[in-house]
Amino acid sequence: MTLLPTIKQLLSMEAVGQSVTVRGWVRTKRETKQAVFLEVNDGSCLSNIQCVLDSFLRQNQSTNESILRLSTGASVEIIGELVPSPAKGQRVEVKCQQLKLIGEAPPERYPLQKKAHSLEFLREIAHLRVRTNTFAAVARVRNRMAFAIHQFFQERGFYYIHTPIITTSDAEGAGAMFQVTSLDLEALSKSGTPIDYEKDFFGKKAFLTVSGQLNVETYCQALSRVYTFGPTFRAENSNTTRHLAEFWMIEPEMAFAHLDDNIALATEFIQYLVAIALQDCAEDIAFFDQRIQPGLRESLERIVKTSFTRMSYTEAIRELEDSNAVFEFKPYWGCDLQSEHEKFLTEKVAGGPVVVTDYPKEIKAFYMKQNEDGKTVAAMDVLVPRFGEIIGGSEREWRLDLLEKRMEELGLAKEPYQWYLDLRRYGSTPHSGFGLGFERLLLYITGMTNIRDVIPFPRAPRQADF
RNA sequence: UCCCCUGUAGCUCAGCUGGCAGAGCAAGUGGCUGUUAACCACUGGGUCCGGUGUUCGAACCACCGCGGGGGAGCCA
């Protein structure tokens, strides 16, 4: 099969009257006595291509009937000549010779109109919302960023590892988990007999993964530089604009790497992705800048040029304590950084992304490397203006005795982690990594404000339609 | 899970102290113009989220339920 040029390609061509075929969906139709103007979009880019049907075509009765039924949302095939446009507004246009109405979209029933719709309304028609400028632009940026993530790591010698979606370890500590079972819950519930997980599919309790990190650490200890990029599930009852029950996470892990290497990688990673978005998604970013988040492009350009502010948790707390700002939650050493604190640090103190390091061990996960001071761990969070944490990572505790001691302190059963502890028993190395929430990155880059609008079909509490 | 806001035409909303259901956009029809958020005129369009109650009378007040949004917590 030979693929026809996309509208994106047609729009960049030199128009010399060559014959072209346009296939896509009608965005608007404007009629005059002399001509009908159709704007057709095929999703290849934000812009539509203008197709002009002159009165000559209307003498053909079947064409004329098609024109009558052409409305916003209808699919069409147009064969014509690509010519320079005599009017302002577009460089080239298609002078239509043949029009085929492929699929109608009756305007009295089709929910999308030739007007702006609210994001809330569009969320209710997730299967159709991608036909709007905003959601198509998000989809294109999402695609480019997914590809750029692989490019970034592949260029640096990282291997892409597929960690499992189903896990039987229920204590990773990263949040509530969805249970996976093949048991007949309805029958069990009616019978009143206690559940015997021996009879379940895996012979024990199983869950959807909340993180690929522990698994990818195993490959890190053989391939040195690795990363995961896959779906992640959290059953937390979170109802916010920055949480999903199903989201995509990127988790690189580097052997022989310390916290500073980790921070350098995270910083370079963000800057790389933003630079690519600015360069390869310029039209979509310009749209977001104009319609969604004024000033977006400028703030993204600044991210690429400016180095991230780095401060320890202790310094961050001091900044908060010394400020005159009034916080709902009074900051003190040992507290978790609240949303308002993160906002203050990024927007008021740094005026850009902030890397906060060396958190109290009590508020971080068991596997993080314990610092010499006995109080903190070698953790790092990257906070960004507008919504806070985008990356969470650390150097890992690679010393067996210290890791076991920490697990005991936290009352974690060691048995399920034997394979993880083996990594420290045999050829252990210092190593570091982090997790980046893909949708949060997309919020940051597109300027969208609700995470449910940067994933095609959002899953959240009481929301799993489509 | 908690707090606040909200639900009226296809969409976005107004609707005063409880007294005949409204606007803009969209749509349909006609007109006009190489149009481009097209323009002008006319027309159609309602389970006022659901239930119960108060009242002579409820879109409006009260209670219960459901949906949506924002914020907080948890986190990526």
Heavy atoms under 4.0 Å, any strand shown: does [X] hit a base, just sugar-phosphate, or nothing?
X: A:Q213; result: nothing
X: A:E389; result: sugar-phosphate
X: A:I390; result: sugar-phosphate
X: A:E31; result: base
X: A:S339; result: sugar-phosphate
X: A:Q90; result: base
X: A:P107; result: sugar-phosphate
X: A:L244; result: base
X: A:T32; result: base

Anything under 30° is parallel, anything over 60° is perpendicular, the rest tilted; go ahead and classify [X] against [Y].
X: A:H127; Y: A:F466; answer: parallel
X: A:Y227; Y: A:Y160; answer: parallel
X: A:F233; Y: A:F178; answer: perpendicular

Assess, by modelled atom type and distance only, whether the side chains of [X] and [Y] contain a donor and an acceptor separated by less than 3.5 Å.
X: A:E246; Y: A:T232; result: no
X: A:T6; Y: A:D42; result: no
X: A:E342; Y: A:Q338; result: no

Pair assignment for [N], Watson-Crick or G-U wobble, requiring both distances under 3.5 Å:
N: B:C25; answer: B:G10
N: B:G30; answer: B:C40
N: B:A62; answer: B:U52

[atom1] of [X] versus [atom2] of [N]: gap in Å, rounded?
X: A:M177; N: B:A76; atom1: CE; atom2: P; result: 13 Å
X: A:N239; N: B:C2; atom1: CG; atom2: P; result: 10 Å
X: A:L337; N: B:A72; atom1: CG; atom2: P; result: 14 Å
X: A:E120; N: B:G7; atom1: CD; atom2: P; result: 14 Å
X: A:R462; N: B:U1; atom1: CZ; atom2: P; result: 8 Å
X: A:D453; N: B:G69; atom1: CG; atom2: P; result: 9 Å
X: A:R109; N: B:A27; atom1: CZ; atom2: P; result: 16 Å
X: A:E108; N: B:G44; atom1: CD; atom2: P; result: 18 Å

**Message:** Need to verify one output field. Residue with the more 5' nearest nucleotide on RNA chain B, A:T449 or A:Q34?
**Reply:** A:Q34

Which nucleotide, [options], lies nearest any side-chain atom of [X]?
X: A:S85; options: B:G34, B:A38, B:C75; value: B:G34
X: A:K115; options: B:U12, B:G34, B:C74; value: B:U12
X: A:F37; options: B:U35, B:C74, B:A38; value: B:U35
X: A:N450; options: B:G70, B:C75, B:U35; value: B:G70
X: A:M249; options: B:A76, B:C11, B:A38; value: B:A76
X: A:E93; options: B:A76, B:U35, B:U12; value: B:U35
X: A:R123; options: B:C74, B:G34, B:G69; value: B:G69
X: A:F121; options: B:C75, B:C74, B:C11; value: B:C11
X: A:A87; options: B:U35, B:C32, B:A76; value: B:U35
X: A:R242; options: B:A27, B:U12, B:G73; value: B:G73

**Prompt:** Donor-acceptor pair under 3.5 Å: do we get one between A:H243's side chain and the base of B:C75?
**Reply:** yes

**Message:** Is it the case that the base of B:U35 and the side chain of A:Q50 share a donor-acceptor contact (distance under 3.5 Å, atom types as modelled)?
**Reply:** yes

**Request:** Using the aromatic ring of A:F247 (for Trp, its six-membered ring), decide whether it stacks on the base of B:A76 within the limits of 5.5 Å and 30°.
**Result:** yes

**Item:** For A:E439, the option from A:R142, A:R459, A:R242 that meets salt bridge (Lys or Arg N to Asp or Glu O under 4.0 Å)
**Value:** A:R142

